[in-house]
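One structure is given below, encoded as structure tokens.
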Amino acid sequence: MSLIINNLERIKKEIEKETLKYNRTPGSVELLAVSKTKPLEALLEAYEGGQRLFGENRVQEAVVKVPAMPEDAQFFLIGHLQSNKAAKAAELFDCIQSIDSVKIARKVNNACEKLGKIMDIYMDVNISGEESKTGFTGEDEVREALKEILSMKNLKIVGFMGIAPHVDDKNAIKESFKDLRELKDQMNSYFPELKAEKLSMGMTSDFSEAIEEGSTMVRIGSAIFGSREYI
Ligand SMILES: *Cc1c(COP(=O)(O)O)cnc(C)c1O
């Protein structure tokens with residue numbers, strides 16, 4: 001068996017184990033294979049191993065990979081999107097998890113309107129407190145943004161995405177995931193029309209904590225494809 005397929009099997013088993021351990025519904029945590037920087041062959045190998053959900057962080061890479069993959073592979077954008085690439089992103093991706101401003105939401109909405117497409121989106125929230133990270137910061141900012149984004153007809157807000165702080169302290173990591181879950185619940189009660197129940201949180205180093213705190217999608221790169229030279 002190939003290394004990638006082997007890794008996939010192992011990660012899927014670990015996700016299942018954590019799901020049971022924390023009394024989550026079996027199958028309620030999806031696996032996004034983060035294939036950024038990796039060659040097409042690596043994605044095809046993962047596809048061969050049954051993987052269908054792929055995460056990319058650059059439109060330039062997706063331009064090459066998306067058309068080369070089988071139809072039923074789905075692509076999620078997980079990296080900051082620049083305005084001038086919004087139209088291309090709207091065309092290529094099945095879901096954009098990195099909506100971090102009202103402005104970019106509007107650009108994607110306009111592009112989707114032209115394509116006659118409804119895009120699933122996540123609100124990218126900065127839960128790490130690290131200034132270098134993108135995303136909306138704090139309850140007020142998320143609420144103000146949602147007021148506007150909810151009226152955009154070609155966007156469907158399905159959930160919230162966050163990245164834990166880059167620290168060793170597992171409790172601090174768990175706390176940040178808990179913050180995102182609570183923010184989601186607050187926003188859903190504030191906007192009854194919202195119904196955004198998904199939580200994209202957890203990566204190679206912290207997916208167990210994320211599953212414990214309610215993640216519905218873990219985004220895993222290096223544990224599947226090996227380490228990366230950058231990003
Ligand atoms: C790169 C990346 C991941 C995957 O990181 P690993 O540590 O390799 O699992 C997950 N989420 C985002 C937003 C990323 O940019």
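Note that ligands are numbered from 1 as they come in the structure, with each ligand's atoms numbered from 1 the same way.
Using cut-offs of 30° and 60° on the angle between ring planes, the pair F75 and F93 is perpendicular.
Residue contacts with ligand 1 do not include N57, since none of its heavy atoms lies under 4.0 Å from the ligand.
Under the 4.0 Å criterion applied to side-chain N and carboxylate O atoms, K88 and E91 are assigned as salt-bridge partners. With respect to the salt-bridge test (charged N to carboxylate O, under 4.0 angstrom), the residues K12 and E16 do not qualify. Between E113 and K153 no salt bridge is recorded (no basic side-chain N to carboxylate O distance below 4.0 Å).
In the vicinity of R219, heavy-atom distances shorter than 4.0 Å reach the ligand 1 atoms 4 (C), 9 (O), 10 (C), 11 (N), 12 (C), 13 (C). Here is the list of ligand 1 atoms found below 4.0 Å of a heavy atom in G221: 4 (C), 6 (P), 8 (O), 9 (O). Shown in contact with I220 at under 4.0 Å from a heavy atom are these atoms of ligand 1, numbered in order with element: 9 (O). Shown in contact with K36 at under 4.0 Å from a heavy atom are these atoms of ligand 1, numbered in order with element: 1 (C), 2 (C), 3 (C), 14 (C), 15 (O). Residue contact check: I78 has heavy atoms under 4.0 Å from atoms 11 (N), 12 (C), 13 (C), 14 (C) of ligand 1. Atom numbering of ligand 1 starts at 1 in the shown order; those under 4.0 Å from a heavy atom of I163 are 13 (C).
Considering backbone and side-chain N/O atoms, S205 never comes within less than 3.5 Å of an N/O atom of ligand 1.
In summary, the side chains of S128 and N126 do present a donor paired with an acceptor at a separation below 3.5 Å, with no hydrogens or angles considered. A side-chain donor from one of S35 and E56 sits under 3.5 Å from a side-chain acceptor of the other.
The part of R228 lying near ligand 1 is the side chain, judged by heavy-atom distances below 4.0 Å.
Nearest heavy-atom pair, E139 versus M187, reported as atom, atom and distance to 0.1 Å: O-CE, 3.6 Å.
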